[in-house]
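Worth saying up front: this structure is predicted, and the values here are computed from it rather than measured.
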Amino acid sequence: QVQLVESGGGLVQAGGSLRLSCVGSGRTFSSYAMGWFRQASGKEREFVAAISWSGGSTLYADSVKGRFTISRDNAKNTVSLQMNSLKPEDTAVYYCALAWGLRQDPADFGSWGQGTQVTVSS
């Protein structure tokens with residue numbers, strides 16, 4: 001069972017950048033596609049980005065396309081989310097999770113991390 005731990009959240013002004021990291025335990029990390037999701041207060045969890053097991057394919061939500069970049073380093077069991085040009089509406093708890101194959105539906109993902117808070121001030 002892979003366990004995931006997110007880090008890198010914080011408080012940033014609109015227009016700023018943050019880089020989130022998700023480190024996984026276990027030797028099977030590189031077998032899974034990985035995804036980032038976010039959940040704002042009072043809202044449902046929503047898809048942000050996903051990356052295939054090899055890193056060769058990615059998916060992005062329309063709301064973050066062109067601003068966020070997902071990447072992974074299987075040698076370090078790490079998946080990252082570079083977030084640029086942040087907006088107040090990006091404020092949420094960000095979670096990473098894994099799946100078999102490139103997916104967007106949270107129901108297809110498991111081994112959710114504990115989340116990291118991102119707050120963007122206007």
Assess the side chains of Ser17 and Asn84: does a donor N or O sit below 3.5 Å from an acceptor N or O? yes
- Side-chain H-bond candidate by donor/acceptor type, Gln1 with Ser111, under 3.5 Å: yes
Spacing of [atom1] belonging to [X] relative to [atom2] belonging to [Y], to within rounding of 0.5 Å:
X: Thr69; Y: Met83; atom1: OG1; atom2: CE; result: 11.0 Å
X: Ser21; Y: Lys76; atom1: OG; atom2: NZ; result: 10.0 Å
X: Asn74; Y: Ser54; atom1: CG; atom2: OG; result: 8.0 Å
X: Tyr32; Y: Ser52; atom1: OH; atom2: OG; result: 15.5 Å
X: Ser80; Y: Ile51; atom1: OG; atom2: CD1; result: 9.0 Å
X: Gln3; Y: Ser25; atom1: CD; atom2: OG; result: 4.5 Å

With sequence neighbours left out, the residues meeting salt bridge (Lys or Arg N to Asp or Glu O under 4.0 Å) with Lys65 are Asp62
Residue set satisfying salt bridge (Lys or Arg N to Asp or Glu O under 4.0 Å) with Arg19, at least two apart, ordered chain then number -> none
message = I want to check something: taking the side chain as every heavy atom from C-beta on, are Glu6 and Gln114 in contact at a cut-off of under 4.5 Å?
response = yes
Taking C-beta and beyond as the side chain, do Arg45 and Phe109 meet within less than 4.5 Å on heavy atoms?
no
Side-chain heavy atoms under 4.5 angstrom apart, residues restricted to Ile, Leu, Val, Met, Phe, Trp, Tyr: same cluster for [X] and [Y]?
X: Leu86; Y: Ile70; result: yes
X: Leu20; Y: Val79; result: yes
X: Leu81; Y: Val2; result: yes
X: Leu98; Y: Tyr60; result: yes
X: Val64; Y: Met34; result: yes

With no hydrogens and no angle check, is any side-chain donor or acceptor of [X] less than 3.5 Å from a backbone partner on [Y]?
X: Thr116; Y: Gly9; result: yes
X: Thr91; Y: Val120; result: yes
X: Arg67; Y: Ser85; result: yes

In short, side chain to side chain donor-acceptor pair (under 3.5 Å) pairs touching residues 93-109 with sequence neighbours left out are Arg38-Tyr94
For Ser122 and Ala14 the tightest heavy-atom approach is CA-CB, 4.3 Å
Review point. For Gln117, does the CD atom sit with more than 12 other heavy atoms under 6.0 Å from it, leaving out its own atoms?
Key: yes
Exercise. Does NZ or CZ of Arg72 lie under 6.0 Å from the centre of the six-membered ring of Trp53, at an angle within 45° of the ring axis?
Worked result: no
Between Trp36 and Phe68, is the ring centroid distance below 6.0 Å? no
Next item on the list: List the steps and the verdict of side chain to side chain contact (heavy atoms under 4.5 Å, CB included) for Phe29 and Leu4.
Entry: CA-CA 10 Å; Phe29 178 87; Leu4 303 173; 4.2 Å; yes
